[in-house]
Amino acid sequence: MSIYLDKNSKVIVQGITGREGAFHTQRMLAYGTQIVGGVTPGKGGTTIETGQPVFDTVKDAVDATGATHSILFVPPFAGADALWEAYDAGITLAVCITEGIPAHDMLRVVATTSGMRIIGGNCPGVISPGKSLVGIMPGHIFKEGNVGMISRSGTLTYEIVDGLTRAGFGQSTCVGIGGDPIIGTTFVDCLRAFANDPETTALVVAGEIGGSDEEDAAAFIQAHIPDKPVVAFIGGRSAPKGKRLGHAGAIISGNTGTPESKVKAFADAGVPVADRPSDIPRLLAERLKPIPA
Amino acid sequence: MSIYLDKNSKVIVQGITGREGAFHTQRMLAYGTQIVGGVTPGKGGTTIETGQPVFDTVKDAVDATGATHSILFVPPFAGADALWEAYDAGITLAVCITEGIPAHDMLRVVATTSGMRIIGGNCPGVISPGKSLVGIMPGHIFKEGNVGMISRSGTLTYEIVDGLTRAGFGQSTCVGIGGDPIIGTTFVDCLRAFANDPETTALVVAGEIGGSDEEDAAAFIQAHIPDKPVVAFIGGRSAPKGKRLGHAGAIISGNTGTPESKVKAFADAGVPVADRPSDIPRLLAERLKPIPA
Amino acid sequence: MKLMEYQGKDLFRRVGIPTPNGVYTTDAGDVKAYLTEHPGSWVLKSQVMMGGRGKAGGIKFADDAQQGETLARELLGKVLKSVQNPDGEEVKSLLVEEKVDIASEAYVSITIDRAAKKPVVMVSRFGGMDVEEVAEKNPDDIKKYWVDASIGYSPYIGRRLAFAAELPAGYRKGFPAILGALYTLFMDYGANLVEINPLVLTKDGRVIASDAKVELDDNGLYKHPEIAQWNSESPADEDQAAAVAIGLGMSNYAKLGGTIGVIANGAGLGMGTMDAIRSAGGEAANFLDIGGGAQADLVKKSYNLVTSDPRVNAMFINIFGGITRGDQVARGIVEALAGDDVRKVPLVVRLTGTNAEEGRRILDAAGFVPVETMDEGAARAVALANGR
Amino acid sequence: MKLMEYQGKDLFRRVGIPTPNGVYTTDAGDVKAYLTEHPGSWVLKSQVMMGGRGKAGGIKFADDAQQGETLARELLGKVLKSVQNPDGEEVKSLLVEEKVDIASEAYVSITIDRAAKKPVVMVSRFGGMDVEEVAEKNPDDIKKYWVDASIGYSPYIGRRLAFAAELPAGYRKGFPAILGALYTLFMDYGANLVEINPLVLTKDGRVIASDAKVELDDNGLYKHPEIAQWNSESPADEDQAAAVAIGLGMSNYAKLGGTIGVIANGAGLGMGTMDAIRSAGGEAANFLDIGGGAQADLVKKSYNLVTSDPRVNAMFINIFGGITRGDQVARGIVEALAGDDVRKVPLVVRLTGTNAEEGRRILDAAGFVPVETMDEGAARAVALANGR
């Protein structure tokens with residue numbers, strides 16, 4: 001099993017003929033994802049080189065293909081519109097790669113699309129290794145297995161997953177929840193899903209300084225996931241106070257969102273925090289013993 | 001039994017110290033309605049002459065009294081605000097007496113208050129005779145019984161109910177759904193509730209020219225209420241085309257909303273349409289025979 | 001409140017919907033001056049409320065200033081008549097607009113779907129003709145979308161409709177933004193209806209609102225006092241003006257074809273009373289709803305308004321008190337009849353409901369005996385109107 | 001984008017929030033002229049981004065024109081310093097405002113609650129002081145309300161908060177409308193934060209925004225190009241300006257305290273790289289995130305930006321390709337190093353993920369051998385920075 005997507009998930013690509021959309025569509029197809037079509041207004045009726053049909057609207061695409069999942073490669077100003085279009089057409093899970101959608105657009109989208117799970121924006125997507133990749137992750141670094149992984153960052157996820165895979169820890173599903181200020185799916189949302197997934201036997205949570213998602217995650221783990229080993233990582237622990245680094249979340253101000261606060265929250269929940277990504281497999285192995293093959 | 005309210009319904013009055021609010025609060029109390037308090041911003045902490053507490057906000061009133069029902073006597077410009085305030089405070093049924101709330105305000109309210117039933121605006125309210133009156137109806141003309149009554153208009157309801165009562169037909173609940181263009185509860189909503197109320201054994205539907213609520217009601221009756229006798233009345237059948245008469249609904253244009261269309265719809269559903277309000281008891285008796293005492 | 005074309009286009013421009021270049025005027029001399037300055041082909045459009053002004057001869061084309069002036073003189077002051085408007089409507093002003101080269105005409109409107117309680121957008125590739133005819137003959141040629149008012153408009157809605165309605169490709173780029181602007185107008189100005197018919201695609205690729213039909217919700221007008229003021233500048237419905245003058249709503253009074261004056265509280269009862277008079281063999285002269293909670297003064301004014309119609313030769317006041325109190329109504333009737341310049345017509349009163357007993361006592365004291373039921377009152381009024 | 005007080009008040013006035021009378025100027029002569037024309041008691045407020053300008057001596061009071069001019073000359077050009085801003089900030093302009101008679105001071109703000117994904121309104125009757133101090137000592141003195149963005153603001157929210165926070169009665173009439181206007185500003189201009197501290201109740205019963213703190217979402221600025229332009233007029237963060245100059249986002253580049261230049265793709269990896277350098281005993285000179293999908297040209301510009309910092313004596317480029325392609329990065333590095341005016345520092349590259357192999361071939365061809373892991377790269381960079 002896995003969360004959010006499996007090998008039967010039918011996926012469409014919003015922005016399938018754009019530069020990034022076209023590139024990643026091919027990569028996802030190569031990984032085995034069931035890309036059943038895509039949307040580019042004005043190109044309805046055509047097909048892409050690998051044969052998948054292009055539609056003018058998401059509704060047309062869903063009506064014709066029965067897709068339930070969508071991945072969005074659209075410019076930031078069109079992000080909210082594309083998410084609403086997906087929602088209106090009946091999409092149940094939308095992966096929003098787009099970075100920099102205005103926070104107020106996302107506030108309104110999140111408030112008005114109940115029933116549709118949004119991953120991101122500004123995220124690398126979701127992968128259930130060996131089953132389906134709906135995202136921009138480099139598929140070859142992942143390996144099918146039982147570790148659930150959640151991360152705010154894209155490239156840091158790859159760094160950590162690469163280490164896990166090399167150490168023999170396959171993954172059930174990896175979710176990059178995204179770094180924008182308002183995102184559709186939080187650590188806690190993912191943890192709730194992983195808690196109910198019997199094939200996920202251990203978890204890695206890769207957080208960052210800033211915000212309070214990590215603290216919320218720690219509290220949830222303590223309350224609801226007593227039986228699965230969890231290892232955490234906090235990026236940006238060496239950052240100076242008051243500096244805004246990349247992700248809007250990654251700013252430390254006042255007493256919230258400091259590395260100390262996050263490390264303490266995880267420690268209180270019995271979750272070890274790795275100093276470096278490369279330490280994660282060792283900590284996981286310690287928690288899991290005997291070490292899997 | 002009855003629909004929407006019974007003798008245990010706890011009711012607050014929004015605008016309890018205003019002229020109309022104060023007047024009708026006393027009438028509702030006299031009828032036996034459980035008025036547990038009211039709201040007038042700035043008068044929190046006081047009581048009205050009959051002892052009911054006044055609060056600054058609906059939330060304060062609900063927190064203190066456990067009210068579930070509210071009746072609104074507020075000016076049109078404050079109607080949407082008052083309905084949202086009721087919704088936010090956990091009110092589950094709001095009777096909106098106010099006439100002339102802008103249609104766009106109501107569109108937005110209706111779209112954003114799912115879970116709260118709104119009766120009106122521009123309605124006379126709801127009465128479950130012998131149990132509770134949440135409205136401005138003259139209580140003495142009603143009588144406890146088994147006829148469910150739904151009407152778009154206030155005074156026409158009284159006219160019809162007066163005749164029913166004089167003819168010996170008591171009522172389970174009477175709902176004045178209101179005459180404004182956008183209202184919270186339609187004929188069909190009420191019919192659905194009446195269909196599930198075992199103590200309501202017959203129904204009177206008093207419509208008007210204009211709109212399509214009556215046609216929708218006829219279709220619903222035909223499909224879902226085969227076992228309860230229904231009599232209908234259509235007000236404004238002598239109105240000339242194209243004239244706007246009072247209720248925003250009461251305008252005939254094109255082929256929709258004509259008296260002919262409505263009479264036909266009811267006839268097709270097997271529902272007799274009375275020519276005059278005074279004919280209703282006779283038609284009801286014919287459908288119900290033997291005639292109740 | 002219905003707006004004239006030039007007023008609707010004023011709102012269009014405020015929200016960014018492109019309209020043809022042109023000028024609005026009440027003076028033929030202005031037309032000459034404008035066309036002299038701006039040579040070319042122009043359309044003179046009579047500004048009237050009635051539909052079918054084209055067929056009625058209210059639209060003319062001019063290719064030079066002299067012709068423009070001549071046609072303007074012809075149109076201004078002319079009374080346009082149509083099947084729906086047999087009395088006709090006088091042309092008091094003109095909208096002079098560039099004559100555009102039309103490549104295609106589409107239809108777009110937003111109105112309120114009362115049953116769905118949602119704004120509904122309608123788009124058709126058949127613009128420039130009677131949309132009701134299109135709806136009847138080829139309903140599938142009109143594509144509809146119900147907007148969730150809590151989400152509002154987003155451009156995909158316009159894209160979806162443009163593709164579904166098969167608008168020519170030339171529309172597609174501009175259409176979502178124009179529809180968005182129309183939705184903004186619809187919401188921000190509280191419209192019952194906004195309609196562009198036709199929305200023209202010109203041969204040089206522009207998309208322009210060639211006509212404008214806007215009807216605003218009277219109940220929301222208080223939010224736009226400057227627009228509410230336009231009302232007095234337009235040839236408003238006389239009945240509406242009379243109702244507003246005595247403090248009623250615009251649709252609380254309407255003249256009808258008969259001779260029996262009707263005053264009732266509540267639109268439903270008013271219509272019921274009208275119907276009862278018809279059932280009794282008579283015909284109402286008017287519909288007048290004093291609304292809920294009327295005070296004596298309003299009743300008095302309503303009496304005088306109804307009797308100001310010379311056709312009225314009998315009157316039926318039918319009150320079933322709820323929020324309206326019988327004592328106030330009775331007091332109003334007594335005061336009205338006591339007035340110096342009052343026109344007295346044979347009067348039937350029916351009074352029941354809230355404070356009816358006190359009301360009856362007041363009428364009794366003035367030597368007046370009300371009837372018991374609506375049917376009885378209608379029958380008596382018809383008899384009185386017939387001089388019996 | 002943080003706005004200065006006078007800019008925030010400009011927006012306040014646009015939405016109808018009352019602000020004190022006054023004038024904004026960069027010139028002491030203007031102050032004299034204005035105070036000559038408008039005798040009375042005035043406050044001269046230094047327009048700076050930093051907090052604590054009052055304690056730093058940036059606020060002065062003047063009772064006549066001469067005093068006003070003298071104080072203005074004193075303030076303009078002065079460098080204000082605070083604990084948080086030890087380097088200080090130069091005063092380049094002043095806001096001169098009427099000195100109001102204060103009856104009471106309240107606090108009100110709206111910000112985004114990221115966890116709840118909702119706007120949160122905060123109101124306190126303790127205005128005019130550090131709200132974080134109030135929050136820490138008496139959290140119950142700050143009343144909060146989370147707005148449902150699909151419903152939006154309605155006046156009852158203001159009423160409820162005013163009663164809950166026990167604002168003095170003088171506020172109550174005006175407060176719901178002022179909060180509504182503040183919410184409009186928050187939504188329409190895409191703010192991360194709008195704050196009025198204090199919202200003053202004057203002795204003559206007016207409610208006025210005495211200060212204005214507004215921070216707009218950079219991602220939404222494109223909707224307000226005229227405001228985006230203000231940025232260049234304000235003393236913006238140099239790092240932000242540098243990042244934007246080469247086409248990155250404002251927060252993609254920040255100078256830090258160390259000597260090792262850092263370039264990574266993705267903020268998370270950037271922070272991780274920074275942490276890894278610290279773990280290896282070094283210190284990053286900067287944080288530079290080239291984002292996703294960077295092309296060779298951006299990589300080249302990023303290299304040059306980082307090396308423009310003279311403290312940088314080694315560089316670590318750490319790329320884990322996803323949307324970013326290794327070949328593009330490699331090409332950018334090779335191009336950067338081939339440049340004429342390039343400052344070459346000892347360089348460590350780690351390249352893996354999407355198209356990494358092709359990237360490694362390009363680097364190989366240029367005679368460059370990348371390291372395998374982040375830890376290894378960090379260790380090598382620290383060694384190089386220490387001259388080993």
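Throughout, protein chains are lettered first and strands after them, A, B, ... in sequence-line order, and every chain is numbered starting at 1.
Not one N or O on the side chain of D217(D) forms a donor-acceptor pair closer than 3.5 Å with the backbone of P102(A). When atom types are taken as modelled, the side chain of D275(D) and the backbone of S238(A) share a donor-acceptor pair closer than 3.5 angstrom. Proximity of a side-chain donor or acceptor of H104(A) to a complementary backbone N or O of F186(D) within less than 3.5 Å is detected.
If you take CG on L107(A) and CD1 on I112(D), they are separated by 4.5 Å, rounding to the nearest 0.5 Å. Here the CG atom belonging to D375(D) is positioned 7.5 Å from the CD atom belonging to E159(A), to the nearest 0.5 angstrom. To the nearest 0.5 angstrom, S153(A) atom OG is 11.0 Å from F320(D) atom CZ. Taken to the nearest 0.5 Å, the CD1 atom of I182(A) stands 11.5 Å off from the CG atom of N219(D). To the nearest 0.5 Å, atom CG of residue D148(D) and atom CZ of residue R108(A) are 12.0 Å apart. To the nearest 0.5 Å, atoms CG (L269(D)) and OH (Y158(A)) are separated by 10.0 Å.
Residues D105(A) and K223(D) form a side-chain contact, since some pair of their non-hydrogen atoms from C-beta on lies under 4.5 Å apart.
Heavy-atom pairs under 4.5 Å with chain A were tallied for G190(D), G272(D), G220(D); the largest tally goes to G190(D). Across D162(A), D216(A), T186(A), D213(A), the residue that shares the most heavy-atom pairs under 4.5 angstrom with chain D is D162(A). In terms of heavy-atom pairs under 4.5 Å with chain A, the best-connected choice from M374(D), E283(D), K117(D), R278(D) is K117(D).
In the displayed structure, R311(D) atom CZ is contacted under 6.0 Å by more than 12 heavy atoms of other residues, nucleotides or ligands. Counting non-hydrogen atoms of neighbouring residues, nucleotides and ligands closer than 6.0 angstrom, the CD atom of Q26(A) exceeds 12 such neighbours. Other residues, nucleotides and ligands contribute more than 12 heavy atoms inside 6.0 Å of the CZ atom of R360(D).
Within the 4.5 angstrom heavy-atom criterion, no atom of P124(A) approaches chain D. Contacts of S279(D) with chain A are made by side-chain atoms alone, with heavy-atom separations under 4.5 Å and no backbone atom involved. Contacts between F23(A) and chain D at a heavy-atom distance below 4.5 Å involve the side chain alone, from C-beta outward. Of the two parts of D189(A), only the side chain, counted from C-beta on, holds a non-hydrogen atom closer than 4.5 Å to a non-hydrogen atom of chain D. Heavy-atom distances place the backbone of I183(A), and not its side chain, under 4.5 Å from chain D.
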Any chance you could lay out the side-chain contact (heavy atoms from CB on, under 4.5 Å) test for R27(A) and T354(D), step after step, and finish with the verdict?
CA-CA 10 Å; R27(A) 290 175 65 92; T354(D) 307; 3.1 Å; yes
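A donor-acceptor contact closer than 3.5 angstrom is absent between the side chains of N265(D) and T155(A).
Shown here for G321(D) and P138(A), the closest heavy-atom pair between the two residues is O-CG, 3.2 Å.
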